[in-house]
Structure formats: C-alpha cells, structure tokens
K.L.:
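Questions regarding the structure given below will be posed in turn.
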Amino acid sequence: MIDSSRVIQPEGSIPMAAKALHFDVGDYVVYPKHGVGRVIELQKQEIAGMQLELYVLRFEKEKMTLRVPTNKAESVGMRKLSSDKTMREAMETLKGKPKVKRTMWSRRAQEYEAKINSGDLVSIAEVVRDLFRADDQPEQSYSERQIFEGATSRLARELAAMEQVDEPAAQEKILDILRAAAAIYNKDKVPA
C-alpha cells in the first residue's frame, strides 16, 4: 500500500484529479463524432443507483442534445475549441497540394470518415483539401461530395465558433482558401 501523503509530485505538475477536463455552461466544445456543440447545462442524475454528473451538450445543426458523464468527457475525446495555432495549421493545410491515394474508394472513404470522427482539426482539413473540386475539375461522386460536405461543415462550425461568425461565412472563407490553392496547383494541368 502506498502512503499518498508521501507521493512527491514533480515541481510545477498538477495533481491528477485537477487535470480532468472541465467545461462551464455556455462553453463551446468539440465532440469527435458530432462536431461543435455547446454546454447548455450541468446535471446530476441517479442512474443504476449511482450519482452521475453530466454535461448536457446541444448541437444546433443536428437539433440534437447529448449527455456526457463528466468523468468520461476526456476518454470520449471531448475537447475545448482548438487553439489559434491549431486553427492556423488547419488553414495552412487547406493551402497544400491535395494528396489522393490510388486505393479503392471504399478504403479511402473509411480513412476519410476516421479522420473526420477523430475530431482532430488538421486531419479534418486534410479531408477537405483532398476532396475539394474546383469548378474546372471533374465532378465528385455522390459519396465523395457527402464526405466533403460533412468535413467542410465540421471545420466551418469550429472556425465559426472561434471567430464568432456564422457557419456560412466560415464555409465561404474555407472555400476561398481552397479555390486559391486549386488555381495554383491546377494551372500546371493542361486540358486534354
């Protein structure tokens, strides 16, 4: 048995209990599988004889409410909005050259969905970049368009929450970056 009064914490470290994620009512949060939501309430409920403290999240776009036990928030990947640095990195990713693997679409689609559901902003930006089609490029298939729109919406909602604009304005900013990048990378290609 360890005597906890003798456990020495490294200088400047935070005790484990204090490291747990904490969100307040009104905070925007990112839930990996659903994107940006807002904490609308902290609830205490008794479930199966146990007292649970829950974050009540509202996802306006999906008109969905989700309850997440506060002690599970970190393990499900719930996080605060990205830092400005991470958002800048995601925007820079959009300016990069699209990387399209030559594997079967079903495999790529799974990889894209996994990146979107990871909640990682830069990974989502990679999906948006790789699936974007400029007006002068071949049209996307239905499933490509669905994944592209889902990833773009996820990225735009986080950008909108961070910049305090509406989602369409954030989406237009993303599309402007993609169009500018496409003009650079597609000028080399001569139509056949």
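Counting begins at 1 with the first residue of the sequence.
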K.L.:
Does the pair Asp176/Arg179 count as a salt bridge with the N-to-O cut at 4.0 Å?
P.N.:
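The answer is yes: the pair qualifies as a salt bridge.
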K.L.:
Is Glu113 close to Gln110 at the side-chain level, that is, under 4.5 Å between some pair of heavy atoms?
P.N.:
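Result no, sub-4.5 Å side-chain heavy-atom pair not found.
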K.L.:
Give a yes or no on this: more than 12 heavy atoms of other residues, nucleotides or ligands lie within 6.0 Å of atom NZ of Lys72.
P.N.:
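No.
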K.L.:
Apply side-chain contact (heavy atoms from CB on, under 4.5 Å) to the pair Leu155 and Leu94, showing each step before the final yes or no.
P.N.:
CA-CA 11 Å; Leu155 184 59; Leu94 294 176; 4.1 Å; yes
K.L.:
Determine the minimum heavy-atom distance between Glu41 and Val25, stating which atoms define it.
P.N.:
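Scanning both residues, the minimum pair turns out to be CA-CG2, 3.9 Å.
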K.L.:
Return the set of residues passing salt bridge (Lys or Arg N to Asp or Glu O under 4.0 Å) with Glu89 (not counting sequence neighbours), or none when no residue passes.
P.N.:
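Expected list: none.
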K.L.:
Show the nearest heavy-atom pair for residues Ala182 and Phe132, with the distance to one decimal.
P.N.:
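Closest approach of Ala182 to Phe132, heavy atoms only: CB-CE2, 3.8 Å.
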K.L.:
Can you name the closest pair of heavy atoms from Arg129 and Leu178 and give their distance?
P.N.:
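In this case the closest contact between Arg129 and Leu178 is CA-CD2, 3.9 Å.
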K.L.:
Is a salt bridge present between Glu111 and Lys99, judged by a nitrogen-to-oxygen distance below 4.0 Å?
P.N.:
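No.
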K.L.:
If you look at every heavy atom in Lys173 and Glu163, which pair is closest and at what distance?
P.N.:
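Heavy atoms only, the tightest pair is NZ-OE2, 2.8 Å.
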K.L.:
Flag the pair His22 / Tyr55 as yes when at least one side-chain heavy-atom distance between them is below 4.5 Å, and no otherwise.
P.N.:
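Counting from C-beta outward, His22 and Tyr55 do come under 4.5 Å.
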K.L.:
Say whether, by atom type as modelled, one donor and one acceptor occur between the side chain of Arg154 and the main chain of Ala125 under 3.5 angstrom.
P.N.:
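Flag not set: sc Arg154 to bb Ala125 has no pair under 3.5 Å.
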K.L.:
With ILVMFWY side chains joined below 4.5 Å, transitively, what does Leu52's cluster contain besides itself?
P.N.:
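Members besides Leu52, by chain and number: Ile47, Leu54.
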K.L.:
Can Asp24 and Val39 be said to form a side-chain contact (heavy atoms from CB on, under 4.5 Å), step by step?
P.N.:
CA-CA 7 Å; Asp24 293 317; Val39 179; over 6 Å; no
K.L.:
We want to know whether Glu167 and Ser153 form a side-chain donor-acceptor pair, criterion being a heavy-atom distance below 3.5 angstrom.
P.N.:
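The answer is yes; a qualifying pair exists.
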K.L.:
Which heavy atom of Gln45 sits nearest to which heavy atom of Gln43, and what is that distance?
P.N.:
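The answer is NE2-OE1, 3.2 Å.
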K.L.:
Does a salt bridge link Arg79 with Glu158, judged by any charged N lying under 4.0 Å from a carboxylate O?
P.N.:
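Looking at Arg79 and Glu158, the cut-off is met.
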